[in-house]
Amino acid sequence: MKVAIVGAAGRMGGRLIQAVQETPGMELTGAVERTGHPQLGADAGLLAAVGKLGIKITDDLVATMANADVLIDFTFPEVTLKNLEICAQQGKMVVIGSTGFTPEQKQQAAHFAETIPVVLAPNMSVGVNACFKLLKEAANILGDDFDVEIVELHHNKKKDSPSGTAVRMGEVVADTLGRDYNQVANYHREGMCGARTHEEIGMQTVRGGDIVGEHTVYFIGMGERIEISHRAMSRDMFARGAVRACQWLQDKDPGLYDMQDVLGLS
């Protein structure tokens, strides 16, 4: 399977290149960065510390995808949608780990997925996706008797807030409880904001240092509390999940999928 990676000179790009090189049956055939990036022309393998691969980093996605089966994109929604359009035009598969999509941008992604198979997931980690499944089960069992609060921590370079993973956790719980996440999510409490409402889902964000990613969902009842947590120790798990998603897509029809589909948890 021939793989192209966009954002190849970044930290996540390096992890993705390593994961592709370590996976039998996968071959890196393209590495893309934005126009003007200082590493354009550099060997992608040397940047990723896997040895010289003879794959130079380019800013030409159209030419790159002509020699690739699938694109892995961990960039930003605006960039991802442009890349999706190019891949749709060429009939190429796409795995997306970008976060911060608005509902409208998700609809645009779904439109492109009408012609190509796409995996779009806020978190490619197998463990996080197991947490999504556990959260649904917990919300089903606990029902409306427990307040729900979510706390997420990330490094100080992360641009979107709250994280896509935290939002998805909130959506899973809200959907299970029959609530509209966009109506019940509470991102900010300050001053005399009044007592907590019964249906709201609190969302708190912490940014600092080099935290890869931590998420905890609290189900808080009278006299007891349940916590479901996930802590990422490195970016390798996201890269391995993305490669797994690429392999899963090979025989799939056009459509918009997520990691729950990839892992058989849907």
Side-chain angles (χ1 to χ4, degrees), residues 5-20 22 48-49 72-80 95-102 105-106 109 119-139 148-174 181 185-188 201-219 226-246 257-263 265:
I5 295 171
V6 66
R11 289 177 297 178
M12 192 64 219
R15 294 291 199 278
L16 288 166
I17 291 171
Q18 291 174 14
V20 169
E22 293 169 358
I72 303 178
D73 186 323
F74 277 70
T75 57
F76 305 101
E78 296 79 9
V79 176
T80 296
V95 171
I96 300 168
S98 310
T99 62
F101 285 88
T102 65
Q105 288 171 327
K106 288 180 182 179
V119 170
L120 191 161
N123 196 306
M124 296 284 175
S125 158
V126 174
V128 163
N129 281 275
C131 283
F132 291 154
K133 185 74 170 181
L134 294 172
L135 289 170
K136 184 174 183 178
E137 294 298 320
V148 182
E149 297 282 318
I150 301 173
V151 179
E152 61 99 342
L153 300 80
H154 280 87
H155 53 87
N156 57 21
K157 299 292 191 297
K158 186 168 178 61
K159 292 180 172 61
D160 59 315
S161 176
S163 71
T165 300
V167 170
R168 185 62 192 141
M169 287 176 163
E171 291 173 340
V172 168
V173 173
Y181 173 78
N186 187 347
Y187 299 106
H188 183 70
I201 295 176
M203 184 74 71
Q204 306 301 320
T205 296
V206 177
R207 294 286 178 266
D210 61 353
I211 301 171
V212 176
E214 298 185 14
H215 297 83
T216 299
V217 180
Y218 298 87
F219 292 89
I226 296 172
E227 301 175 14
I228 297 178
S229 296
H230 181 274
R231 292 176 177 83
M233 303 313 218
S234 80
R235 292 175 176 80
D236 293 343
M237 62 176 193
F238 306 128
R240 288 192 296 269
V243 169
R244 185 167 175 173
C246 290
Y257 306 97
D258 62 19
M259 283 300 288
Q260 296 287 296
D261 298 310
V262 174
L263 299 173
L265 298 175

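These numbers were taken from a predicted model, which means no experiment stands behind them.
Annotation: side chain of Phe74 is not in contact with side chain of Ile5 (no heavy-atom distance under 4.5 Å). Here the side chains of Arg15 and Phe238 are not in contact, with every heavy-atom distance at 4.5 Å or above. Looking only at side-chain heavy atoms (C-beta outward), Val243 and Glu22 stay at 4.5 Å or farther from each other. With contacts defined as side-chain heavy-atom distances shorter than 4.5 Å, the pair Ile201/Ile150 qualifies.
With values rounded to the nearest 0.5 angstrom, Gln204 atom CD is found 12.5 Å from Thr216 atom OG1. The CZ atom of Arg168 sits 10.5 Å away from the CG atom of Leu135 when rounded to the nearest 0.5 Å. The CD atom of Glu149 sits 9.5 Å away from the CE atom of Met203 when rounded to the nearest 0.5 Å. Atoms NE2 and CE, on His215 and Met169 in that order, are 6.0 Å from each other to the nearest 0.5 Å. Note: Ile17 CD1 to Met12 CE = 10.5 Å, rounded to the nearest 0.5 Å. Separating the CG atom in Leu153 from the CZ atom in Arg231 is a distance of 8.5 Å, to the nearest 0.5 Å.
In terms of heavy-atom proximity, Gly100 sits nearest to Asp160 at N-OD2, 3.7 Å. Val95 and Cys246 make their closest contact through CG2-SG, 3.7 Å (heavy atoms, listed as atom of the first residue, atom of the second, distance). When all heavy atoms are compared, the tightest approach of Ile228 to Cys131 is CG2-SG, 4.2 Å. Residues Ser163 and Ala166 share a closest heavy-atom pair of OG-N, 3.0 Å. The heavy-atom pair separating Glu214 from Ile211 by the smallest distance is CG-CG2, 4.1 Å. Residues His155 and Val212 approach most closely at CD2-O, 4.3 Å, considering heavy atoms.
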Let's go through Thr165 and Phe132 carefully: what are the C-alpha distance in whole Å and the side-chain angles of both, what is the deciding distance for side chain to side chain contact (heavy atoms under 4.5 Å, CB included) to 0.1 Å, and is it a yes or a no? CA-CA 9 Å; Thr165 300; Phe132 291 154; 4.2 Å; yes
### Task
Tell me, with the steps shown, if Leu263 and Arg244 meet side chain to side chain contact (heavy atoms under 4.5 Å, CB included).
CA-CA 9 Å; Leu263 299 173; Arg244 185 167 175 173; 3.4 Å; yes
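Heavy-atom neighbours of Asn156 CG from other residues, nucleotides or ligands within 6.0 Å: above the threshold of 12.
The residue from His230, Arg207, Lys158 that alone fulfils the side-chain hydrogen bond (donor to acceptor under 3.5 Å, both in side chains) condition with Glu152 is Arg207.
Every residue was checked against the salt bridge (charged side-chain N to carboxylate O under 4.0 Å, His left out) condition with Lys136, not counting sequence neighbours, and none meets it.
Asp73 places no side-chain N or O within 3.5 Å of a backbone atom of Ser98 that could act as its donor or acceptor partner. A donor-acceptor pair under 3.5 Å links the side-chain atoms of Asp261 to the main chain of Asp258, judged by distance alone.
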